[in-house]
2 protein chains.
Amino acid sequence: MPRPRSLTQDQLSAAALAVIDREGLPGLSMRAVAVELGISTMALYRYVQDRGELEALVVELVLSAVDSTPPPPDAGTWQARVTLLVDRLRTTVGAHPGVLPLTFTHRHRSPGVLRWGETVLGVLGEAGLGPEERIVALRALLAYVIGAIQQEHLGALSGAGTTAIAALPAEEYPYLTEAARSARSLTPDREFHGGLALLLAGLGG
Amino acid sequence: MPRPRSLTQDQLSAAALAVIDREGLPGLSMRAVAVELGISTMALYRYVQDRGELEALVVELVLSAVDSTPPPPDAGTWQARVTLLVDRLRTTVGAHPGVLPLTFTHRHRSPGVLRWGETVLGVLGEAGLGPEERIVALRALLAYVIGAIQQEHLGALSGAGTTAIAALPAEEYPYLTEAARSARSLTPDREFHGGLALLLAGLGG
DNA sequence: CTGTTAGGTGTACGGCATACGCCTACCGAG
DNA sequence: CTCGGTAGGCGTATGCCGTACACCTAACAG
């Protein structure tokens with residue numbers, strides 16, 4: 001009966017994501033999103049209760065992509081299938097690094113991630129893990145992926161931090177300086193999969 | 001010749017940490033810290049260039065504790081020694097959960113963490129790992145610890161998220177709902193060490 | 001005692017999220 | 001076609017925030 005909405009939630013979250021991708025997370029403000037949509041600031045509040053809800057919408061938009069791709073092939077070892085699923089999560093989040101800090105606070109609610117977890121648990125179950133082993137394994141995988149993605153985007157191994165470490169006094173930090181020197185040839189990809197392989201090996205493969 | 005400073009950096013960072021511990025990270029503001037110290041807001045700027053520098057000071061205060069404890073005993077397997085070092089990092093950060101989000105942005109500069117990394121690399125070296133293996137292992141350990149600490153404090157397994165998952169439709173998420181039900185008896189401590197054991201097992205133990 | 005230097009302060013500005021009340025576009029009913 | 005009510009959109013105002021700037025003043029060197 002009354003006036004219909006002129007914007008969809010998808011438009012909202014897409015606009016917010018566009019702002020983040022363009023100006024980074026600090027650039028995200030109700031004003032900026034409103035400008036992006038061509039409406040007034042306060043009109044936004046007809047769609048979300050507060051800024052937090054807008055952030056949750058963006059996170060959901062980004063994370064939903066993790067499940068939009070086809071399911072993993074049943075072929076291959078379970079290690080290969082878990083690796084594929086983990087890679088999918090990594091590339092999904094990595095596509096929008098600016099959103100990363102928001103995912104921690106708003107992760108729980110995402111159906112996409114829930115379905116991802118369900119799939120991983122399934123593969124682990126088929127691999128012969130018991131109920132409690134499965135939980136520990138899933139949480140460990142999640143912890144590793146979360147931490148690794150963060151390290152990759154907030155303190156990359158090939159970045160300024162590593163060169164700073166390489167410049168430390170070698171007498172006091174012999175291992176670190178040596179590590180920093182040889183770390184320059186280690187790509188983020190090899191690093192990530194190396195650590196993941198450790199975890200999978202520990203899982204019994 | 002001129003007027004001496006009336007505050008030390010330790011007092012500054014301690015005051016900021018006190019504010020965070022008492023009112024949480026959102027409660028941290030230049031005004032609040034100034035009140036805590038009994039000085040005017042602008043007087044703070046005689047000690048730090050901006051808010052970011054104050055945050056870095058707090059992070060450094062918290063992380064420095066990781067190395068103030070005595071070195072790990074040379075006895076025991078290398079797995080036990082790494083576990084001890086990792087535990088030390090976990091309890092250090094866990095003592096001030098409010099600071100957690102700040103550590104990601106300001107972590108690199110901490111001498112305490114640098115010395116921690118040096119020690120871990122040393123143990124890994126004695127365990128027989130080669131140079132590149134050591135780096136991958138250290139970074140994997142760091143990634144796991146970072147992610148696990150975050151999961152523990154921002155989305156605890158025994159918290160609201162898990163009960164929400166337990167309430168999901170069991171037909172659609174059979175593994176997840178079953179996992180959430182049996183996860184209630186899994187303490188954060190057992191979860192953390194379970195995942196860590198996986199990683200260490202993968203390292204060749 | 002006095003001049004210099006740097007520590008401490010008060011005021012002010014622009015940006016932020018957002019509570020509140022007004023205007024009005026839209027739709028169903030008559 | 002008209003009209004009334006509902007809910008969308010907007011302007012204004014408030015109280016936070018970080019911080020630039022100009023001023024006052026405590027303290028030491030001479």
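By convention in this document, chain letters (A, B, ...) are assigned in the order of the sequence lines, proteins followed by strands, and residues within each chain are numbered from 1.
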Pairwise distance [atom1]([X]) to [atom2]([Y]) - rounded to 0.5 angstrom:
{"X": "A:Arg22", "Y": "A:Leu17", "atom1": "CZ", "atom2": "CG", "value": "10.5 Å"}
{"X": "A:Leu102", "Y": "A:Glu60", "atom1": "CG", "atom2": "CD", "value": "13.0 Å"}
{"X": "B:Leu12", "Y": "B:Glu36", "atom1": "CG", "atom2": "CD", "value": "11.5 Å"}

Phosphate oxygens OP1/OP2 of [N]: is one of them under 4.0 Å from a side-chain N or O of [X]?
{"X": "A:Arg3", "N": "C:dC27", "answer": "no"}
{"X": "B:Ser29", "N": "D:dC17", "answer": "yes"}
{"X": "B:Ser6", "N": "C:dG8", "answer": "yes"}
{"X": "A:Tyr45", "N": "D:dG9", "answer": "no"}

Nearest-angstrom distance from the residue atom [atom1] of [X] to [atom2] of [N]:
{"X": "B:Met30", "N": "C:dG10", "atom1": "CE", "atom2": "P", "answer": "16 Å"}
{"X": "B:Leu25", "N": "D:dC17", "atom1": "CG", "atom2": "P", "answer": "13 Å"}
{"X": "B:Arg5", "N": "C:dG8", "atom1": "CZ", "atom2": "P", "answer": "7 Å"}
{"X": "A:Leu28", "N": "C:dG15", "atom1": "CG", "atom2": "P", "answer": "17 Å"}
{"X": "A:Leu44", "N": "C:dC16", "atom1": "CG", "atom2": "C1'", "answer": "14 Å"}

Check for me whether B:Arg134 meets the cation-pi criterion with A:Tyr175, that is, NZ or CZ under 6.0 Å from the six-membered ring centre and within 45 degrees of the ring axis. no
From [options], pick the nucleotide closest to the side chain of [X]?
{"X": "B:Tyr47", "options": "D:dG11, D:dG18, C:dG7", "value": "C:dG7"}
{"X": "B:Arg31", "options": "D:dG18, D:dG11, C:dG7", "value": "D:dG18"}
{"X": "B:Asp50", "options": "D:dT19, C:dA17, C:dC20", "value": "D:dT19"}

When the nearest nucleotide of DNA chain C is assigned to A:Met42 and to A:Gly27 on a heavy-atom basis, which residue is associated with the more 5' position? A:Gly27
Residue pair B:Pro4/B:Gly52 against DNA chain D: nearer the 5' end by closest nucleotide is B:Gly52
By the definition side chain to side chain contact (heavy atoms under 4.5 Å, CB included), identify the one residue from B:Thr92, B:Leu154, B:Leu100, B:Thr103 that meets it with B:Ile149.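 Between B:Ile149 and the candidates, side chain to side chain contact (heavy atoms under 4.5 Å, CB included) is satisfied uniquely by B:Leu100.
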Pair of N/O donor and acceptor under 3.5 Å linking C:dG8 base with B:Arg46 side chain: yes
